[in-house]
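All values reported here derive from a predicted model rather than from experimental measurement.
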Amino acid sequence: AMRALAAMARRRVAQQRPGSKEEVVLQQIRFSQESISSVFQDGRRVSMMMEELRKKEKRVTDIPSISVVVEDGKIYSGDNRRLSVFKQTFHGHTMVPVNVGIFDQAFKRKMTSTTEGRSIRSRN
């Protein structure tokens with residue numbers, strides 16, 4: 001049943017127009033990059049968001065949706081720090097909101113994962 005749900009979600013995302021909102025199973029989303037910084041652009045530590053989610057001070061819906069693209073039938077994230085937080089905080093079958101993007105040259109340049117997006121390394 002889970003495999004069928006995952007296949008349906010992948011098809012839905014692939015068929016959406018850029019900018020569309022969708023929900024997908026967390027374990028389906030792959031990392032696009034090989035590594036991430038442990039600090040968000042606003043200076044907050046990734047671990048702080050993780051703690052807020054664990055303590056239920058924040059919910060997934062309080063956090064900006066992850067941008068995703070579909071390439072070769074796989075869903076890749078453009079927001080790897082948030083994805084890392086979600087994967088370390090929630091069960092893999094958790095549904096998460098995403099914004100559908102385009103697999104363009106800019107996104108292609110960001111694709112540095114050496115594990116087909118299955119894991120990511122924290123740089124600091």
Side-chain angles (χ1 to χ4, degrees):
M2 193 65 205
R3 197 170 277 171
L5 179 64
M8 285 189 320
R10 205 172 24 254
R11 277 193 300 276
R12 276 196 326 266
V13 170
Q15 293 169 355
Q16 293 298 321
R17 292 182 166 201
S20 298
K21 300 205 180 295
E22 191 59 64
E23 272 200 339
V24 297
V25 180
L26 180 58
Q27 70 184 14
Q28 283 187 278
I29 308 171
R30 295 174 180 238
F31 297 104
S32 58
Q33 296 173 316
E34 185 269 332
S35 66
I36 55 170
S37 170
S38 61
V39 180
F40 285 103
Q41 289 179 352
D42 66 3
R44 292 179 35 155
R45 299 199 64 74
V46 168
S47 58
M48 180 184 283
M49 181 185 288
M50 212 176 308
E51 194 62 27
E52 290 169 341
L53 288 166
R54 283 189 179 132
K55 289 181 176 178
K56 300 193 183 329
E57 293 169 3
K58 284 196 175 179
R59 299 172 307 202
V60 170
T61 54
D62 296 328
I63 296 166
S65 297
I66 292 174
S67 295
V68 298
V69 299
V70 176
E71 174 64 11
D72 292 330
K74 297 175 181 87
I75 301 173
Y76 288 96
S77 171
D79 302 303
N80 294 285
R81 281 180 292 243
R82 274 181 265 157
L83 178 58
S84 179
V85 166
F86 291 170
K87 286 189 176 229
Q88 292 180 64
T89 307
F90 300 112
H91 189 275
H93 300 301
T94 301
M95 297 296 285
V96 294
V98 299
N99 292 323
V100 179
I102 302 173
F103 188 78
D104 58 10
Q105 287 302 319
F107 196 94
K108 196 172 187 174
R109 281 192 297 277
K110 286 182 169 183
M111 293 282 290
T112 59
S113 176
T114 57
T115 63
E116 295 186 345
R118 297 185 210 288
S119 63
I120 199 158
R121 176 180 63 83
S122 182
R123 289 192 299 267
N124 42 7

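Rounding to the nearest 0.5 Å places NZ of K108 at 14.5 Å from CD1 of I102. Of the inter-residue distances, the one linking S84 atom OG with Q33 atom CD reads 11.5 Å to the nearest 0.5 angstrom. To the nearest 0.5 Å, the span separating OG on S65 from CD on E23 amounts to 9.0 Å.
No donor-acceptor distance shorter than 3.5 angstrom exists from the side chain of R54 to the backbone of T89, with no hydrogens or angles considered.
The closest side-chain heavy-atom distance from V25 to M95 is below 4.5 Å. R44 has its side chain within reach of M49: a pair of non-hydrogen atoms, C-beta onward, lies under 4.5 Å apart. Between F90 and V96, every side-chain heavy-atom pair lies at or beyond the 4.5 Å cut-off. The shortest distance between side-chain heavy atoms of R82 and P64 falls below 4.5 Å.
What you find for E34 and T114 is that their closest heavy atoms are CG-OG1, 4.1 Å. Across K87 and F31, no two heavy atoms sit closer than the pair CD-CZ, 3.8 Å. Residues P97 and V60 come closest through the heavy atom pair CD-CG1, 3.5 Å.
Residue-environment remark: CD (Q41) stays at or below the threshold of 12 foreign heavy atoms within 6.0 Å.
Both F40 and L53 are part of a single hydrophobic cluster, where members link through side-chain heavy atoms under 4.5 Å apart. A continuous path of ILVMFWY side-chain contacts below 4.5 Å connects I36 to I63, so both sit in one hydrophobic cluster. A continuous path of ILVMFWY side-chain contacts below 4.5 Å connects M50 to I120, so both sit in one hydrophobic cluster.
For S37, the side-chain contact (heavy atoms from CB on, under 4.5 Å) partners are V39, R81, R123, N124, not counting sequence neighbours.
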Without placing hydrogens or testing angles, list every side-chain donor-acceptor pair under 3.5 Å for residues 66-78, not counting sequence neighbours.
{"unit_1": "S67", "atom_1": "OG", "unit_2": "D79", "atom_2": "OD2", "d": "3.4"}
{"unit_1": "S77", "atom_1": "OG", "unit_2": "D79", "atom_2": "N", "d": "2.8"}
{"unit_1": "S77", "atom_1": "OG", "unit_2": "D79", "atom_2": "O", "d": "3.2"}

